[in-house]
Structure formats: C-alpha cells, structure tokens
J.: 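Got a structure here, written out as structure tokens. Questions coming.
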Amino acid sequence: MNRENREFWLLVGSQELYGAAVLETVARRAQEMAAYISASGCVPRRLVFKGVVRSDADAVRFCREASFDERCCGVVAWCHTFSPGKMWINGLSLLQKPYCHFATQYHREIPNDGIDMDFMNLNQAAHGDRELGYTEARLRLARKVIFGHWQDAEPLRALGRWMRAALGWAESRTLRVMRFGDNMREVAVTEGDKVETQRKLGWQVNTWAVGDLAEELRAVSDAETAALTEEYLDAYTLATEDRESVACQAREELAIRRMLDREGCTAFSDTFQDLHGLPQLPGLAAQHLMALGYGFGGEGDWKTAALLRVVGAMCEGMGGGSGFMEDYTYHLAGERSCVLGSHMLEVSPALAAGRPEIRTHPLGIGRNSSDPARLVFEGKPGPCTLTSLVDMGGRLRLIVQEAEAIRPILPMPNLPVARVMWRPLPDLAGGVPMWIMAGGSHHTVFSYDADAALLESWADMMDIEFVRIGRGTEPAALKKELMLGDLLWKLR
C-alpha cells in the first residue's frame with residue numbers, strides 16, 4: 001500500500017540576463033535547499049531539484065514532464081532572482097499537478113556591509129515573487145502560497161501539509177473502489193453521482209457480485225485461513241471460545257483481499273442486506289483490512305470508503321490513526337455531554353487506545369449463519385476530525401467537523417462493539433446543528449491525523465466545496481457561507 005517512489009519537484013525561477021555565474025549559483029543553492037528540506041523531517045516525501053527556469057522553453061519542458069511523470073506528485077516554485085512571468089505562462093498552463101509557490105529566499109538577513117548591486121541582482125526573491133504571483137493570479141491557477149525562510153520549521157511544516165494533501169490528490173487520481181452489493185435501501189446520503197465523482201476526483205467505483213466473493217471464499221485454503229487466524233491472535237487478544245467464527249472472518253478477509261488486489265482496488269464497501277453466499281457480514285475481516293490500509297465503507301458507502309483510503313495516503317506515517325465511523329447516539333449530561341460513535345462491526349483498530357479484543361456476539365441484522373467475530377476496544381483521547389463527502393447535486397461538498405475525542409465515560413459492558421466518544425467543536429450544542437445544517441453524513445472518516453487545514457488543501461486541489469465546523473464557527477456565519485456557496489458553485 002506504500003507509494004515510496006513518489007516525490008515533489010522544485011523549479012527555481014531566474015533568467016539568462018544575469019549570466020552563467022549567477023545561474024550556477026542559483027542552481028547550487030536550489031540543490032542545497034532541496035536536500036535540506038528533504039532531510040528536515042517536516043515533509044513526507046523528498047523534494048527534488050529539477051532545474052532553473054530561464055526561458056519559456058524551460059517552463060514548458062519542466063511542467064510537461066511533471067504532468068506525465070508518475071513519480072511527481074506536485075511542483076514547488078521558488079524565484080531566486082527576478083523571473084519574468086511571461087516565461088511561465090505556457091508551462092503553467094500545461095501543468096496538471098498540484099502547485100505550490102514557496103515565497104522564500106536563500107539568505108536569512110540583509111548583510112549590512114555586504115549588500116551591493118551584485119548581491120541585489122542575485123537575491124531578488126521578493127521581486128520575483130510578485131512577478132510570478134501576478135502571473136499565477138492572471139492564469140486563475142489553483143495554488144498554495146507559503147512564506148518564510150527555508151530553514152525555519154513553521155514554513156516547512158506548512159510545506160509538509162501541502163505535500164500530504166498532494167499525496168491525497170495523487171491517490172485519488174488512480175483510486176479504484178470495489179462494491180459488494182448496492183447502497184443500503186432507501187438511504188439518501190450514501191448515494192452519489194459516480195460519473196461526476198470520477199470526473200472531479202478520479203475515483204473509479206464499480207460493483208462486483210457478492211456471488212463472486214462467495215466463489216472466491218471457497219477457493220481459500222484451510223492452511224491460508226489458519227495462518228491469518230494466527231496473525232489475528234498475535235495482534236489482538238482472543239476473548240471468545242468460538243474460534244470457528246474467527247476463522248470464518250479470516251477466510252472472508254483473504255477472499256476480499258484477493259479480489260481487491262487482482263482488480264487494483266484499494267477500497268471497498270459491502271452491505272448487510274446482501275450477504276448471499278457469505279456465512280457472515282465481514283467484521284474482523286473489514287477491521288483488519290482497514291488496519292492494513294484499505295479504505296472501507298459500510299452499507300455500500302463508497303464515498304466514505306474511498307475518502308478513508310485518501311486520508312490514509314495523506315497521513316501515512318503520522319501514527320495517530322484514521323478509520324470508518326458512524327454517529328450513533330448522544331450522551332446529554334451537561335458538561336459531560338458527548339457523542340458515541342461506533343458501527344455494527346467495522347471500526348478500525350487504528351483508533352484503539354489499547355490492545356483490541358476479539359469477541360463474538362449476535363449481530364441481530366443481516367443473514368449471518370453464526371455470530372460474527374469483531375474487534376472490541378475503546379478509542380483514544382485527543383484532537384480529531386470527522387470528515388464527510390456528500391453529493392449536493394452537480395457538485396461535491398467536503399465537510400470537516402473538528403472535535404476532541406475523549407476516553408469513553410461509561411463502561412457500557414453490554415455494548416459488543418468498538419466505541420469512540422468525542423465532543424464536537426465549538427461545543428455539542430453548536431456543533432451538531434451546524435453539521436446537520438451543512439448536510440453532513442452519519443458516516444465519516446474519523447482521524448487523529450488529518451486536520452482541517454490538510455483536508456482543505458486537498459479539497460482545493462480537487463476543486464470541490466469545503467466547509468469547516470470548529471472552534472470559532474458561528475451558526476449565522478455558517479448559514480450565510482452555505483447560502484453563498486450554493487450560489488457560487490452553481491455559477492462555476
């Protein structure tokens with residue numbers, strides 16, 4: 001599931017006017033900058049210096065190569081000297097990758113005794129920024145602008161967040177989702193225009209028959225099933241005597257994974273209303289697949305399945321965890337008020353505060369021949385986000401709710417599923433109505449890693465509407481934002 005070969009390209013603006021010696025200095029410094037940033041620990045992938053843009057031909061060549069090189073996830077531009085904007089027009093018009101303007105300069109402070117006209121000619125980053133910035137604005141170019149010295153942590157962290165969003169963009173362009181069965185009957189929010197979604201986001205969403213999965217299930221050997229069962233027991237605590245159910249989940253996981261990998265899919269959905277030929281609804285199987293990095297959505301929710309895979313790609317290596325989530329019920333108790341989130345079976349162990357337990361319990365929904373095995377655990381405390389992608393008819397809206405996860409305040413000994421509790425921001429009384437006002441789904445991607453700024457950058461790259469609900473969000477302002485958004489997005 002890793003994409004270790006992905007990288008970002010640094011293009012540096014200058015021009016022939018300054019002569020060969022200056023251009024050699026520009027290239028040498030840009031290479032130094034790229035190496036420093038790559039080794040800084042602030043960025044998820046390396047930044048590769050590709051060359052100095054000295055002419056229209058250079059800009060066209062670099063931007064065309066970036067657009068079609070599968071390793072390149074985005075372009076970072078920096079002007080060391082003044083760089084005439086018209087040189088960039090044809091190249092930037094061809095660029096099909098995320099783009100960031102890094103407004104920085106090589107030196108940190110002005111050298112009082114050393115500044116002369118030679119220094120000024122070489123170090124005109126502020127001059128070059130304005131020229132390139134105007135050109136970008138004139139082209140209506142989607143871009144991120146980051147300012148600060150290239151050796152300072154804050155601008156490098158901002159660059160790292162932009163890179164992570166671009167990794168999500170790259171994942172989206174090749175993402176394929178496998179659906180077993182359709183959406184849960186009569187449910188509205190999990191529906192959506194798959195053609196428009198593929199056009200905007202790149203997601204290919206198609207259906208495979210549950211009967212095909214049942215046939216694949218029969219082809220899984222007992223030895224393979226036993227090996228994966230032992231893997232479960234190494235990772236989780238067995239708290240059931242029903243090992244047959246655990247083995248059943250292992251067999252289902254192996255069958256699902258074979259089909260996903262064979263078709264090049266990295267996300268999937270299923271539904272308890274269509275289990276024809278399957279002995280159980282995938283529970284432990286789906287949870288373990290999410291832990292491996294696959295996206296998942298319950299009840300046929302292909303949008304959340306794909307979004308989880310994208311968030312996973314953006315947050316790879318961060319360590320907090322992300323997973324499929326559903327709002328279940330509220331605890332309305334004054335200052336202790338909060339939301340209980342869970343699902344019938346499928347909450348990712350990436351969210352667990354401790355070592356999950358494998359348990360079997362009756363499900364009470366769907367056609368299960370036996371009690372499905374599932375992982376039961378409590379979620380971790382800490383800052384988090386809940387993200388929903390909804391189809392607004394002709395456009396997509398990404399809604400992000402900032403929240404604070406808490407340790408479950410009740411033991412709930414008879415609740416046989418994983419559980420997470422959180423308090424929405426700005427507070428429960430304000431956060432819930434605003435989420436409903438925005439049209440947020442009951443299914444979300446719950447993440448300890450993906451903050452609102454990262455998700456907004458991804459939405460900007462995908463050219464979709466973004467709505468944030470968090471500390472400082474006021475209902476009246478949000479209502480106005482949604483009304484204006486409806487008007488503006490209809491005009492686009």
Side-chain angles (χ1 to χ4, degrees), residues 1-3 44 164 167-168 171 175 177 228 231-237 239 249-250 253 256-257 260 265-270 282-298 301 303-328 339-359 373-389 400-408 417-422 443-451 454-455 458:
M1 304 293 286
N2 293 331
R3 304 290 189 271
R164 287 190 176 279
L167 290 171
E171 188 70 26
L175 181 60
V177 182
L228 183 54
E231 189 177 326
Y232 290 162
L233 300 182
D234 287 341
Y236 314 120
T237 298
Q249 290 290 321
E253 178 184 337
I256 294 169
R257 200 191 314 176
L260 291 172
C265 297
T266 53
F268 74 103
S269 66
D270 61 23
L284 173 55
Q287 291 174 295
H288 192 245
L289 284 166
M290 279 188 277
L292 295 177
Y294 294 90
F296 172 79
D301 189 351
K303 294 194 296 295
T304 303
L307 185 62
L308 175 56
R309 175 58 199 152
V310 171
V311 170
M314 290 194 287
C315 299
E316 186 178 326
M318 294 181 72
S322 304
F324 174 71
M325 186 56 64
E326 179 170 280
D327 293 59
Y328 252 104
V339 180
L340 170 64
S342 186
H343 204 253
M344 58 179 68
L345 291 177
E346 313 96 342
V347 179
S348 173
L351 309 181
R355 183 179 171 94
E357 292 184 344
I358 303 174
R359 297 184 189 173
R374 80 292 303 271
L375 297 175
V376 178
F377 56 84
E378 293 184 347
K380 296 176 286 193
C384 61
T385 56
L386 296 101
T387 305
S388 174
L389 181 71
V400 176
Q401 170 82 71
E402 297 176 322
E404 184 72 25
I406 61 174
R407 282 286 179 89
V417 289
R419 71 291 305 266
V420 181
M421 281 186 159
W422 65 85
H443 287 171
T444 59
V445 172
F446 182 101
S447 180
Y448 294 102
D449 293 323
D451 61 16
L454 173 60
L455 293 160
W458 180 78

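Quick caveat, the model's predicted, so the values are computed rather than measured.
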J.: Sequence neighbours excluded, which residues qualify as side chain to side chain contact (heavy atoms under 4.5 Å, CB included) partners of Ala291?
T.: Tyr236, Pro349

J.: Under the rule for side chain to side chain contact (heavy atoms under 4.5 Å, CB included), what residues qualify as partners of Thr387, not counting sequence neighbours?
T.: Leu307, Thr385, Leu398, Val400, Leu455

J.: Any side-chain heavy-atom pair from Thr304 and Val445 closer than 4.5 angstrom?
T.: yes

J.: Can you name the salt bridge (charged side-chain N to carboxylate O under 4.0 Å, His left out) partners of Glu357, sequence neighbours left out?
T.: Arg359

J.: How close do Ala450 and Val311 get, heavy atom to heavy atom, and via which atoms?
T.: CB-CG1, 4.0 Å

J.: What residues, two or more places apart in sequence or in another chain, satisfy side chain to side chain donor-acceptor pair (under 3.5 Å) together with Ser447?
T.: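 Listed in chain order: Ser322.
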
J.: Could you check whether any side-chain heavy atom of Glu231 comes within less than 4.5 Å of a side-chain heavy atom of Leu228, counting everything from C-beta outward?
T.: yes

J.: Could you work out, with ring pair (Phe, Tyr, Trp, His ring centres under 6.0 Å) as the rule, every residue matching Trp458, not counting sequence neighbours?
T.: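 For Trp458, no residue satisfies ring pair (Phe, Tyr, Trp, His ring centres under 6.0 Å) once neighbours in sequence are set aside.
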
J.: So do Leu308 and Met290 actually touch side chain to side chain, heavy atoms under 4.5 Å?
T.: yes

J.: Closest approach of Leu351 and Met325, non-hydrogen atoms and distance?
T.: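 Looking at all heavy atoms of both residues, the closest pair is CD1-CE, 3.7 Å.
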
J.: Provide the closest heavy-atom pair for Gln287 versus Val347 in the form atom of the first, atom of the second, distance.
T.: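 Reported closest heavy-atom pair: NE2-O, 2.9 Å.
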
J.: What pairs with Glu402 under salt bridge (charged side-chain N to carboxylate O under 4.0 Å, His left out), at least two apart in sequence or on another chain?
T.: Arg468

J.: Would you indicate whether the side-chain heavy atoms of Arg257 and Tyr294 approach each other to under 4.5 Å?
T.: yes

J.: Any idea which heavy atoms bring Cys315 and Leu454 closest together, and the distance?
T.: SG-CD2, 4.0 Å

J.: Do you know which two heavy atoms are closest between Phe446 and Trp422, and how far apart they sit?
T.: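 Closest heavy-atom pair between Phe446 and Trp422: CE1-CE3, 3.8 Å.
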
J.: Is there side-chain contact between Thr444 and Gln401, with at least one heavy-atom pair below 4.5 Å?
T.: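 In short, these two side chains do not touch, never coming nearer than 4.5 Å.
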
J.: Whether the side chain of Glu346 engages the backbone of Ala286 through a donor-acceptor N/O pair (distance < 3.5 Å, no angle test) should be reported.
T.: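 Looks like no, no N/O pair under 3.5 Å.
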
J.: Enumerate the side-chain hydrogen bond (donor to acceptor under 3.5 Å, both in side chains) contacts for residues 373-384, please, sequence neighbours excluded, ordered by first and then second residue.
T.: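 Of all non-adjacent pairs touching residues 373-384, none passes side-chain hydrogen bond (donor to acceptor under 3.5 Å, both in side chains).
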
J.: How would you list, by chain and number, every residue that makes a side chain to side chain donor-acceptor pair (under 3.5 Å) with Tyr232, sequence neighbours excluded?
T.: Glu253

J.: State, with a plain yes or no, whether a side-chain heavy atom of His443 is found less than 4.5 Å away from one of His343.
T.: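 His443 vs His343: side chains touch.
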
J.: With sequence neighbours left out, write down each residue that passes side chain to side chain donor-acceptor pair (under 3.5 Å) with Arg164, or none if nothing qualifies.
T.: none

J.: Suppose we screen for side chain to side chain donor-acceptor pair (under 3.5 Å). Which residues come up paired with Gln249, at least two apart in sequence or across chains?
T.: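 With sequence neighbours excluded, Gln249 shows a side chain to side chain donor-acceptor pair (under 3.5 Å) to Gln280, given in chain and number order.
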
J.: Using side-chain heavy atoms (C-beta onward) and a distance below 4.5 Å, is Glu404 in contact with Cys384?
T.: no

J.: Of the non-hydrogen atoms in Leu386 and Ala403, which two are nearest, and what is the gap between them?
T.: CD1-CB, 3.9 Å

